[in-house]
Amino acid sequence: MAFRANTDSDAGKQKALEYLVGREIPINDREKSRMDFEDLLSQYGPVVDYYPSWHPLVACGNERRLPWTMPNENRGYKGLDHTILLRDAFITCPYDGQEVVLKSVEDLRKRDPKFFIEAEELEMTLYHPMAKPILVKYDWGPPLNRDGTIPKSLVVPLLLEFEVPAWRNSEVAETWETMRSYILGQPCGQLSSLFVNKETGTLLKKLWNDLIFSGMYGPIKV
């Protein structure tokens, strides 16, 4: 299916609402929960499937620089449960042990202080009345593009910072088609996603091809 930003954004929102504001929430509380979630969405959205591997929320603490796209214990997070991803943050809803989540985020910040990751408890009901929602967010610093995507002035250095050191241990170079979803995030098209617009995606494709055709990663894997 072709990537369409608005369609994929709406589909992600609907899926997240069904998950976080479903039948487990008392019917009298659902409208408030829905409004609370949509407020988060307006600040940190849209809902996404996976992060680009260079995204600070998964690159932070990824010392092995593996193409990981989901926050979990392999990335240094602990205690995550019932998690929904947004472009600039994720919401996790453990039943207990929220202090474990908060401490793991603080530990990540200490390990990699260049990434401005924060976690906070949310005073709202999501997923289940007994769950304890937590927001883990990233502060980009400079404003995002008018279309809500991440500016290339941030994406390019993050990609290079994450990918270039891999040349020391690489045996083969992966093509753009293989790496596209890891570089653009998901859902994505050929040159754009909910993280980057077509202008930035075109630049990233050229940059990636320049890197692999330099031979720095070894022969191109066919």
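Side chains are part of it too, since the values below use all heavy atoms of this structure and drop only hydrogens, waters and symmetry mates.
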Can you tell me how far [atom2] of [Y] sits from [atom1] of [X], rounded to the nearest 0.5 angstrom?
{"X": "Leu41", "Y": "Tyr44", "atom1": "CG", "atom2": "OH", "result": "12.0 Å"}
{"X": "Asp49", "Y": "Met70", "atom1": "CG", "atom2": "CE", "result": "9.0 Å"}
{"X": "Tyr51", "Y": "Leu86", "atom1": "OH", "atom2": "CG", "result": "6.0 Å"}

Looking at residues at least two apart in the chain, or sitting in another chain, which of them share a salt bridge (Lys or Arg N to Asp or Glu O under 4.0 Å) with [X]?
{"X": "Lys206", "answer": "Asp210"}
{"X": "Lys205", "answer": "none"}
{"X": "Lys78", "answer": "none"}
{"X": "Asp36", "answer": "Lys32"}

Does a salt bridge link Lys103 with Asp107, judged by any charged N lying under 4.0 Å from a carboxylate O?
yes
Is a salt bridge present between Glu171 and Lys221, judged by a nitrogen-to-oxygen distance below 4.0 Å?
no
Pairwise side-chain contact, [X] with [Y], heavy-atom cut-off 4.5 Å (strictly under):
{"X": "Leu158", "Y": "Ile150", "result": "no"}
{"X": "Asn145", "Y": "Pro151", "result": "yes"}
{"X": "Asp88", "Y": "Leu144", "result": "yes"}
{"X": "Thr200", "Y": "Thr149", "result": "no"}
{"X": "Tyr77", "Y": "Ile117", "result": "yes"}

If a pair satisfies salt bridge (charged side-chain N to carboxylate O under 4.0 Å, His left out) and one of its residues is in [range], list it, with sequence neighbours excluded.
{"range": "residues 15-30", "value": "none"}
{"range": "residues 144-155", "value": "Lys152-Glu199"}
{"range": "residues 175-192", "value": "Glu177-Arg180"}

Could you tell me which residues satisfy ring pair (Phe, Tyr, Trp, His ring centres under 6.0 Å) with Tyr138, sequence neighbours excluded, listed by chain and number?
Trp140
Residues forming a ring pair (Phe, Tyr, Trp, His ring centres under 6.0 Å) with Tyr217, sequence neighbours excluded:
Trp208
Polar contact flag, side-chain donor to acceptor under 3.5 angstrom, Asn6-Ser9:
no
By side-chain hydrogen bond (donor to acceptor under 3.5 Å, both in side chains), which residues pair with Glu120, not counting sequence neighbours?
Lys137
By side-chain hydrogen bond (donor to acceptor under 3.5 Å, both in side chains), which residues pair with Gln43, not counting sequence neighbours?
Asp39
Kindly state each residue pair satisfying side chain to side chain donor-acceptor pair (under 3.5 Å) with at least one member in residues 124-134, sequence neighbours excluded.
His82-Tyr127
Test ring pair (Phe, Tyr, Trp, His ring centres under 6.0 Å) on Tyr182 and Phe162; report intermediate values, then the result.
CA-CA 12 Å; Tyr182 296 101; Phe162 184 78; over 10 Å; no
